Amino acid sequence: MEHLPQDRPLWEIHIIRYPTTNAAGTLVFKLHHALGDGYSLMGALLSCLERADNPSLPFTLPSSQRPKSIFNTKAIIKRFPSILSSTLRSMLDFGWSIVKSSMIEDDITPIRSRADDVKLRQITISNVSFTMEHIKEVKTKLGVSINDVIAGLIFYGIRLYMLEVNQESRKANSTALVLLNTRSIKGYKSVKEMVSKNNSGAAWGNQFAFLHVTIPELNDPKFDNPLEFIWEAHKEISRKKNSLVTPLTGMLLNMVKAIRGPEAAARYVHSTLRNSSTTISNIIGPVEQMALVNHPVKGLYFMVVGPPESLTVTIMSYMGKLRIAFGAEKDFIDKQKMKCCVEKSLEMIIKASRKTLEKE
C-alpha cells in the first residue's frame, strides 16, 4: 500500500528474518516499474547472484526452439497468399486492440470488480507451484509449447473459479492481457551490457507489448474438454504473436510516448489494463539454484502491484519448478479458492491428456 518516496531511488529491499515452513528467511525487492520491465530487473538480479553449486559458472536457462526463417524468393512467392491474409488479420487485430484498450470493457465478473478506488485497493498475494515435468508431459502429448499449456491451465482455472462463485459467469466476456518482451534477443544480459549504447537489441527499460486474448467461455459445449483451453490458447497466441500486432503495439506505445509524453503512454496502458479482466506475465528463471552471499535461494516469484485490475497472474520458472502467483483484490477474490481451482485445472488437463493418448 505504501508508495515509494519520490526523494530517493525507486527501490527498497526488505530482509525478513523470520523462518517459515519453506525457508529460513525472506528477501523482498520492492521496485518501481519505471525502473524497467521484468527482463531488465531479472537481468539485474542475476548479475547480483551466483550459482550455488559452482559460482564460477554462468546460469543456464531452459532451452527453447525458434521457428526457422525462410528467405528464398520461391518460398516467399509460394507463401504470398498466406502472407497477405496474415497482414490483413494483423490490421484487424491491431484495430481491435486499440478499440478494446480505449472503449470496450470486459463484463463485471467474480474476477473483475471494476472498483474505482485503485489507489486504496488492497491485494492479497498467493502462489502455487507445479513440477515442470507435469507441464512437459502435457506439452509433449498435445504437441504445443510450454507457454500454451500454462496459458490454457490458467484460463481453465480462472473459468472454474468464476463458475464456482457465480454460475452466470460461464458466458461472461473476459479478456486476458498477455505481456510479451519485444526485444529481439534470447537470454538475459548483464546490467552493463543492457545500458550500453551498442546493445540496442537488449536495452534496459520497459520494452513490452500486450496481446488481448479472450478467455474461452464455458458456455460453449466445445470447452467442456479442458484440453480445448490449451488448443485455443495455442491458436490465438500463436496467431497474434506471429502477426504484426506485437510490433505495431510496441510502436504505438513508443509513438504516444514520443509525441504526447510518458504520462500519455501511461494513461493508455492504464486504460488497456482497466478494460481487461486480468494480466498474465511470465519470466524465465535459471535451471540451477541461485545463491546470495552463500545463502541458497530456495524459491522465487514476482508480482506487479497497483494495476487497475482485480486479478494479476505472474509465472516464474526456477529449478525445475513452475510457480504461478496471484495478486487478488482483497475481500473480493477468494485466494484459496483461486489456488484450488488452478490446481484442479492442471489435474483435469493431465487426466484428459492421458485419456487422449490411450485412445490413440
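Below, all heavy atoms of this structure are taken into account, side chains as well, without hydrogens, waters or symmetry copies. All residue numbers refer to positions in the sequence shown, counting from 1. All figures in this text were calculated on a predicted structure; none of them were measured in a lab.
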In terms of heavy-atom contacts, does [atom1] of [X] have more than 12 from other residues, nucleotides or ligands at under 6.0 Å?
| X | atom1 | result |
| --- | --- | --- |
| K257 | NZ | no |
| K30 | NZ | yes |
| N54 | CG | yes |
| E12 | CD | yes |

Side-chain heavy-atom pair [X], [Y] within 4.5 angstrom cut-off:
| X | Y | result |
| --- | --- | --- |
| T278 | I158 | yes |
| I123 | I333 | no |
| S281 | F302 | yes |
| F326 | V313 | yes |
| M338 | L311 | yes |
| N294 | E50 | yes |
| V144 | V149 | yes |
| K335 | K330 | no |

(request) Begin from the C-alpha positions of K351 and K355 and carry the test side-chain contact (heavy atoms from CB on, under 4.5 Å) through to its verdict. (result) CA-CA 6 Å; K351 186 177 179 180; K355 280 186 177 180; 4.1 Å; yes
So which atom in [X] and which in [Y] form the shortest heavy-atom distance, rounded to 0.1 Å?
| X | Y | value |
| --- | --- | --- |
| E232 | P216 | CG-CG, 3.9 Å |
| I280 | A176 | CD1-CB, 4.2 Å |
| S169 | P110 | CB-CD, 3.8 Å |
| Y301 | A325 | CD1-CB, 3.8 Å |
| L300 | M42 | CD2-CE, 3.9 Å |
| M290 | Y318 | N-OH, 2.7 Å |

(request) Taking atom types as modelled, find out whether S310 and S113 have a side-chain donor-acceptor pair closer than 3.5 angstrom. (result)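 Per modelled atom types, S310 and S113 side chains form a pair under 3.5 Å.
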Quick check on the hydrophobic clustering: are [X] and [Y] connected, directly or via other members, by side-chain heavy-atom contacts under 4.5 Å?
| X | Y | answer |
| --- | --- | --- |
| V297 | I283 | yes |
| V28 | L41 | no |
| M303 | L31 | no |
| V128 | V304 | no |
| M255 | M91 | yes |

Find the distance between [atom1] ([X]) and [atom2] ([Y]) and round it off to the nearest 0.5 Å.
| X | Y | atom1 | atom2 | value |
| --- | --- | --- | --- | --- |
| Q289 | M319 | CD | CE | 4.0 Å |
| L227 | L153 | CG | CG | 11.5 Å |
| N166 | Y161 | CG | OH | 10.5 Å |
| I98 | Y268 | CD1 | OH | 5.0 Å |
| T131 | K136 | OG1 | NZ | 8.5 Å |
| N225 | M348 | CG | CE | 9.0 Å |

(request) Take E343 and K339 through the test salt bridge (Lys or Arg N to Asp or Glu O under 4.0 Å) and record every step on the way to the result. (result) CA-CA 6 Å; E343 289 174 332; K339 285 175 58 177; 5.9 Å; no
(message) Go through it in stages, so that I can follow the logic: the residues are F210 and V178, the test is side-chain contact (heavy atoms from CB on, under 4.5 Å), and I'd like the CA-CA distance, side-chain angles, deciding distance and then a yes or no.
(response) CA-CA 5 Å; F210 39 77; V178 179; over 6 Å; no
Whether [X] side chain and [Y] backbone form a donor-acceptor pair below 3.5 Å:
| X | Y | value |
| --- | --- | --- |
| E288 | A52 | no |
| S276 | L273 | yes |
| S345 | C341 | no |
| R170 | L218 | yes |
| S271 | S101 | yes |
| R51 | P58 | yes |
| R323 | N127 | no |

Side chains of residues 15-27: which donor-acceptor pairs under 3.5 Å do they make with residues two or more places apart or in other chains?
| residue | atom | partner | partner atom | Å |
| --- | --- | --- | --- | --- |
| T20 | OG1 | N22 | N | 3.2 |
| T20 | OG1 | A23 | N | 3.2 |
| T20 | OG1 | A23 | O | 3.4 |

(request) State whether R267 and E263 are salt-bridged, where the test is any N-O pair (Lys NZ or Arg NE/NH1/NH2 against Asp/Glu carboxylate O) under 4.0 Å. (result) no
(message) What I want to find out is whether E347 reaches K344 closely enough, with some N-O distance under 4.0 Å, to be called a salt bridge.
(response)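 No, no charged N to carboxylate O under 4.0 Å.
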(message) Applying the salt bridge (Lys or Arg N to Asp or Glu O under 4.0 Å) criterion to R112, which one of E309, E329, E105 satisfies it?
(response)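 One option only clears the test, and that one is E105.
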(message) Show, in sequence, the C-alpha distance, side-chain angles and deciding distance for I154 and I315, and conclude whether the side-chain contact (heavy atoms from CB on, under 4.5 Å) test is met.
(response) CA-CA 10 Å; I154 290 173; I315 305 145; 3.7 Å; yes
(message) I'd like to know whether C340 forms a side-chain contact (heavy atoms from CB on, under 4.5 Å) with E164, so could you lay out the CA-CA distance, the side-chain angles of the two residues, the decisive distance to 0.1 Å, and finally the verdict.
(response) CA-CA 11 Å; C340 290; E164 281 202 20; over 6 Å; no
(request) Only one of D107, N275, D106, T214 passes side chain to side chain donor-acceptor pair (under 3.5 Å) with T175; say which it is. (result)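 Single side chain to side chain donor-acceptor pair (under 3.5 Å) partner of T175 among D107, N275, D106, T214: D106.
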